[in-house]
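Okay, structure first, notes after.
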Amino acid sequence: MQVRRLTSFDISPSIQSEIDILTGNSFFASYDFIRLWKYMSGTAVHWIVEENDNIVAVLPSVEFGISKLKRIQALPDGCYSSIYTNNNIDSEKYKEELLQAIASSGYVKIFIYDFYNSVSNAEGYDVLKCQTTLIDVSSPNWQPPDKKLQSEIRKAERENVIVEKFHYEKHFDKFISLMHQTEKRHNRKPKYSDIFFKTFAELAENDERIIWNWCEHDGHAVSSHINFIEQNQIINWQVYFNKKFSSLKANQKMLFDLAQTARFHNKRYLNLGASPIETPTLIEYKNKWGGEIKEYVCYVHKTMLGKIF
């Protein structure tokens, strides 16, 4: 048994084919997604376990930093990863070997967001509790239980709020302005670069697992919702909106429409995205949609240097 770290330079078409078999149709595990982080100074990395010249386990991840300050995340910014295996009798052994190899490889910080409970034994790692809100939208008659939300959705419909698919050529410049405007309103620098979103928008044109919804009014950008299809759910990942048009209730309309999209794709859950425990107002708003708190864990390993920086 051998554990290896692979970058894009190490992955041949045959290796990529083996990885794809293990990871299935996961968008988060796809190379096209994790390579995007190079535009945020990240490096797409696959940690793999091989036995008898076959890949038997893989953890898609992203590295940041350099030299003695290098860290790894699986995955960044509210996205998840798993240790994917072929579920044979040795799967637990492969997972344990992989985790120990990563822990001893020199990273100052390791974060593995294990939403799907792929890890049962992470010796030497600390456990960080995380949560999100999952809404079961499988019923064709689903609507949020909160009466005020129902009223706001009806208002958006009366105002003829139109939600359309985001198109790069038509919407990108307006989106960049909207994104910067939203971040400025929150008194923070943009988290993602313009080139990150440019490349992401190009990917969205060809990957149906990205559902990027757009709304504007009289030629002005109102709201942008970036969503992912991931396994049995649709994840509401990034939202940017123009507060001047809050009376239109476009965000409420866009989430309601997204629930319908989930049913169209035979996905049971609408995931409203990671909810930091210290943001009770955000959690309260999400709960109005009728969801339940989904708790999961992040496995964390830090060296002494990593605890300082």
Side-chain angles (χ1 to χ4, degrees), residues 4-50 54-64 72-87 94-95 98 102 111-119 132 165-166 168 192-193 195-213 225-238 258 261-262 265-271 273-274 296 298:
R4 288 201 290 153
R5 168 189 172 276
L6 304 181
T7 67
S8 58
F9 300 104
D10 306 309
I11 299 180
S12 64
S14 61
I15 290 176
Q16 186 64 59
S17 178
E18 286 190 74
I19 290 173
D20 289 345
I21 289 172
L22 288 179
T23 59
N25 195 40
S26 168
F27 176 70
F28 285 160
S30 66
Y31 177 71
D32 282 341
F33 177 65
I34 63 174
R35 74 178 177 86
L36 288 174
W37 298 96
K38 73 178 181 180
Y39 299 105
M40 299 302 298
S41 302
T43 300
V45 169
H46 287 82
W47 277 88
I48 65 168
V49 180
E50 293 175 301
N54 295 314
I55 299 175
V56 293
V58 58
L59 177 69
S61 54
V62 181
E63 292 177 351
F64 297 95
I72 187 171
Q73 292 182 250
L75 287 165
D77 297 356
C79 303
Y80 320 126
S81 196
S82 292
I83 299 179
Y84 297 88
T85 70
N86 54 10
N87 294 319
Y94 299 148
K95 293 176 183 179
L98 185 58
I102 294 172
F111 300 93
I112 300 174
Y113 293 90
D114 190 30
F115 183 87
Y116 300 108
N117 301 315
S118 68
V119 176
T132 186
K165 180 180 178 181
F166 181 91
Y168 175 77
Y192 306 101
S193 66
I195 186 64
F196 174 90
F197 279 121
K198 179 180 184 297
T199 309
F200 185 88
E202 292 169 351
L203 176 61
E205 295 286 311
N206 300 298
D207 195 322
E208 63 183 14
R209 295 170 297 183
I210 302 173
I211 301 175
W212 191 337
N213 291 331
H225 284 217
I226 301 174
N227 316 283
F228 304 136
I229 295 177
E230 176 66 14
Q231 299 200 22
N232 68 339
Q233 59 187 320
I234 290 183
I235 300 171
N236 184 228
W237 185 57
Q238 295 292 331
L258 191 62
T261 301
H265 287 279
N266 295 315
K267 304 303 176 185
R268 181 174 182 178
Y269 295 107
L270 176 57
N271 183 330
Y296 59 100
C298 174

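This one's a predicted model, so the numbers in the text were calculated from it and none came from an experiment.
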Out of curiosity, Gln231 CD to Lys267 NZ, how far, rounded to the nearest 0.5 Å? 8.5 Å

Taking every non-hydrogen atom, the tightest pair across Phe166 and Ala201: CE2-CB, 4.0 Å

Please identify which of these residues, Asn271, Ile211, Leu270, meets the side-chain contact (heavy atoms from CB on, under 4.5 Å) condition with Asn227. Ile211

Check: Phe27 and Ile229 side chains under 4.5 Å, non-hydrogen atoms: no

Any donor-acceptor N/O pair, Trp237 side chain to Cys79 backbone, under 3.5 Å: no

Ignoring hydrogens, what is the shortest heavy-atom contact between Gly273 and Thr132? Give both atom names and the distance. O-OG1, 2.6 Å

Which pair of non-hydrogen atoms, one from Ala29 and one from Pro60, has the smallest distance, and what is that distance? CB-CG, 3.7 Å

Grab the two heavy atoms, one from Ala57 and one from Leu22, that are nearest each other, plus how far apart they are. N-CD1, 3.9 Å

Taking the side chain from Thr85 and the backbone from Val56, do they hold a donor-acceptor pair closer than 3.5 Å? no

Donor-acceptor contacts under 3.5 Å from residues 6-21 side chains, at least two apart:
from: Thr7; atom 1: OG1; to: Phe9; atom 2: N; distance (Å): 3.4
from: Thr7; atom 1: OG1; to: Asp10; atom 2: OD2; distance (Å): 3.2
from: Asp10; atom 1: OD2; to: Thr7; atom 2: N; distance (Å): 2.8
from: Ser12; atom 1: OG; to: Ser14; atom 2: OG; distance (Å): 3.0
from: Ser12; atom 1: OG; to: Ile15; atom 2: N; distance (Å): 3.3
from: Gln16; atom 1: NE2; to: Asp20; atom 2: OD1; distance (Å): 2.9
from: Glu18; atom 1: OE1; to: Ile55; atom 2: N; distance (Å): 3.0

Audit row: Leu75, Trp37, side chain to side chain contact (heavy atoms under 4.5 Å, CB included) steps and yes/no: CA-CA 10 Å; Leu75 287 165; Trp37 298 96; 5.8 Å; no

So does Ser26 get a backbone contact from the side chain of Thr23, meaning a donor-acceptor N/O pair under 3.5 Å? no

If every non-hydrogen atom of Glu205 is compared with every non-hydrogen atom of Tyr168, which pair is closest and at what distance? OE2-N, 3.1 Å

Working to the nearest 0.5 angstrom, can you tell me the gap between Trp47 CH2 and Leu59 CG? 10.0 Å

Spell out, as yes or no, whether a donor-acceptor pair under 3.5 Å connects the side chain of Glu230 to the backbone of Phe28. yes

Any non-hydrogen side-chain atom of Arg209 less than 4.5 Å from a side-chain atom of Ser30? yes

Between CD1 on residue Ile210 and CG on residue Asp32, distance to nearest 0.5 Å: 8.5 Å

State whether the side chain of Ser61 and the backbone N or O of Val45 hold a donor-acceptor pair below 3.5 Å, judged by distance alone. yes

Any chance you could measure Phe197, atom CZ, to Leu203, atom CG, to the nearest 0.5 Å? 13.0 Å

Pairwise distance CD1(Ile235) to CD1(Ile226) - rounded to 0.5 angstrom: 13.5 Å

Determine the minimum heavy-atom distance between Phe228 and Phe33, stating which atoms define it. CZ-CE1, 4.1 Å

Quick one, Phe115 and Gln233 - any side-chain contact, counting heavy atoms below 4.5 Å? yes

dist Asp114:CG -> Tyr296:OH (nearest 0.5 Å) comes out at 10.5 Å

Is the ring centre of Tyr192 less than 6.0 Å from the ring centre of Phe200? no

